[in-house]
There are 2 protein chains.
Amino acid sequence: MPLNIAIPRPKAEEFTKLAGISKIYDNLEEVFEDPQVDLVDALLPVQYNLDAVNLAVKHRKDICLEKPIAANLGQAGQIREDLDILISINGNFVYFKAIDTLETAIGKIGKVYSFTYRCIEPFPFSSEYHATSWRQMPQHVGGYLSDGGVHQATILSGALGQVKSINARNKQMRDLSGTDDILYSVLEMHSGVIGMLTYGGAFGNTEKRHLFPIRGDNGSVGLELGHDAPAKVTLRIGGATAAADKYTEEFIIDNENDSPVKVLEILGKALTAGDKSKIIATPEVAFHHLAVIDAAIESSSRGGQTVEVKSLI
Amino acid sequence: MPLNIAIPRPKAEEFTKLAGISKIYDNLEEVFEDPQVDLVDALLPVQYNLDAVNLAVKHRKDICLEKPIAANLGQAGQIREDLDILISINGNFVYFKAIDTLETAIGKIGKVYSFTYRCIEPFPFSSEYHATSWRQMPQHVGGYLSDGGVHQATILSGALGQVKSINARNKQMRDLSGTDDILYSVLEMHSGVIGMLTYGGAFGNTEKRHLFPIRGDNGSVGLELGHDAPAKVTLRIGGATAAADKYTEEFIIDNENDSPVKVLEILGKALTAGDKSKIIATPEVAFHHLAVIDAAIESSSRGGQTVEVKSLI
């Protein structure tokens, strides 16, 4: 399938002036052919990601992509780590400091048993996201559920490891969403930890909630992702025995990496040092994030039956 | 199976003095045979409920029982409404005013799509509940999960109708619990509403949480059951359209029926007026509450597979 998403030249020329860009290409392959280009930041609707990666592999050119990794797991499975070139699936959540803070705190609450990941928002009528046709008529599985849900899978698996299986019930609340837009699910992790994932931004008037409590036999850890406030991790110690020491600690996440700056900084270092090891957003990791949402959608379509989260073979 | 749970006579005699009771029986059937007894309040470990009901039916005597209705659904299914006698399965949650407040509020949030029922507590090392042998070695299915969980099923189905199916993952955190003591599940209601039920009082240091948010396309309703404060229902209206009127209302539940007084008052009225219609805690209703927990336990034992909640045939 040829990749054909040319921007009309007059519009492209207007954009180059506004953005101070010097060069326009007539098709995507020309970009990869240009020896002056070190890295292609392929800001494409994700159903074109695989085609772009294929060009990158063909021309041995480094590339970064938008999340989710692809429109479906079939495409995602064809995007593989490459020894020679760099493939990064950008998403600012991958480099969240909060994930490291969670990991450290989780190590202090005894044996971990369960969690509840909840990301709930009222429907944003004025959101700019509704204006893009690739979101209105999603070719990516689950539409908003995968577009946004991979963020939640990023924090969830970043803190607790990979998801093994899922039972989900989804619904569509808004016509604009194009497909199901709320997800309620129970998960089992490869570690044996059990928990819940609730995701949805289509509700009527309700409080915004982005909370991730994790519970063990000697305490609990809670992440609260503020919309107007810095993220906060609350650690409550104690409870393994009646005599266990009890205390609470709070960690405010200052200067969270909630912009693309950190992603680009890490990419830049990888390019200049020739060392890809600091890139967390690898195809393998991004595949898992999409696989979690894909499994939830499959489970819901099968009346909540247990669906194993697929892994790259 | 003969019901044989006699209290040694010296202990019983001591108790009658302390409690100001005038009469001791040598076995349970004698109580039902006594023409001076109008109602037997059978405060028994629930595995004896069916035997007590059989005596009540045999002797045409009114009876009330402790929740859950029985130790398992097999027994529960044999406890049926009776045209002549009154059978009430006591549980103060059944008569909670909060349920009525929820019902009214739910009617105002447009089409209802989903809910999250969450009852989370740290493990109560000093709880008197651990001292009773019938709780330490539970014969009732799921131990604490059914003993406590039927309370949650009471509020849940009181507000949103009956549960159709469930996918659950349970775990055992504490040896003292005897069996699984935390439950994470996703539910589908007969109405089509989807949601979650999280129940567990075995965690390490964590905040007590007894919250029940219900979400629609024109608002949301949240029940907060206070441990030290009165229950509160928060109603948030708006969101069906961008222009929909938005406002928030709070309802504080004063003088909640959180003692057995209301249960006994309703029983008393039923006895004196001969009208059983005000008794909500019927065998059929209490069967459903146990059936929800039973289905969760079966689902978890089968790796989260979808289990239909059984109904009385």
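Chain letters run A, B, ... following the sequence lines, proteins first and then strands; every chain starts at 1.
- Of the listed residues B/R302, B/K111, B/R118, the one with more heavy-atom pairs under 4.5 angstrom with chain A than any other is B/R118.
- Among B/V186, B/T248, B/L187, the residue making the largest number of heavy-atom pairs under 4.5 Å with chain A is B/V186.
- We find the CZ-OG1 distance between B/R236 and A/T206 to be 6.0 Å, quoted to the nearest 0.5 Å.
- Around atom CD of A/E284, no more than 12 heavy atoms belonging to other residues, nucleotides or ligands sit under 6.0 Å away.
- When every heavy atom of B/G239 is checked against every heavy atom of A/F125, the shortest pair comes out as O-CZ, 3.1 Å.
- Only the backbone of A/I237 comes within less than 4.5 Å of a heavy atom in chain B; its side chain stays farther off.
- Ranked by non-hydrogen atom pairs under 4.5 Å with chain B, the options A/A240, A/P122, A/A244 are led by A/A240.
- In this structure, OG1 on B/T198 lies 10.5 Å from CZ on A/F115, to the nearest 0.5 angstrom.
- Residues of residues 166-185 of chain B having a heavy atom under 4.5 Å from any heavy atom of chain A, listed by number: B/N167, B/R169, B/N170, B/K171, B/Q172, B/M173, B/R174, B/I182, B/Y184, B/S185.
- Here A/H210 pairs with A/Y117 under the ring pair (Phe, Tyr, Trp, His ring centres under 6.0 Å) rule; sequence neighbours left out.
- Below 4.5 Å, heavy atoms of chain A meet no heavy atom from residues 138-153 of chain B.
- No part of A/I214 comes within reach of chain B, as not one of its non-hydrogen atoms sits under 4.5 angstrom from that chain.
- Scanning residues 215-225 of chain B against chain A with a 4.5 Å non-hydrogen threshold yields B/R215, B/G216, B/D217, B/N218, B/G219, B/S220, sorted by number.
- The candidate with the highest count of non-hydrogen atom pairs below 4.5 Å against chain B, out of A/F203, A/Y247, A/F123, is A/F203.
- Looking at A/A242, the atoms closer than 4.5 Å to chain B (heavy atoms on both sides) sit in the backbone and in the side chain alike.
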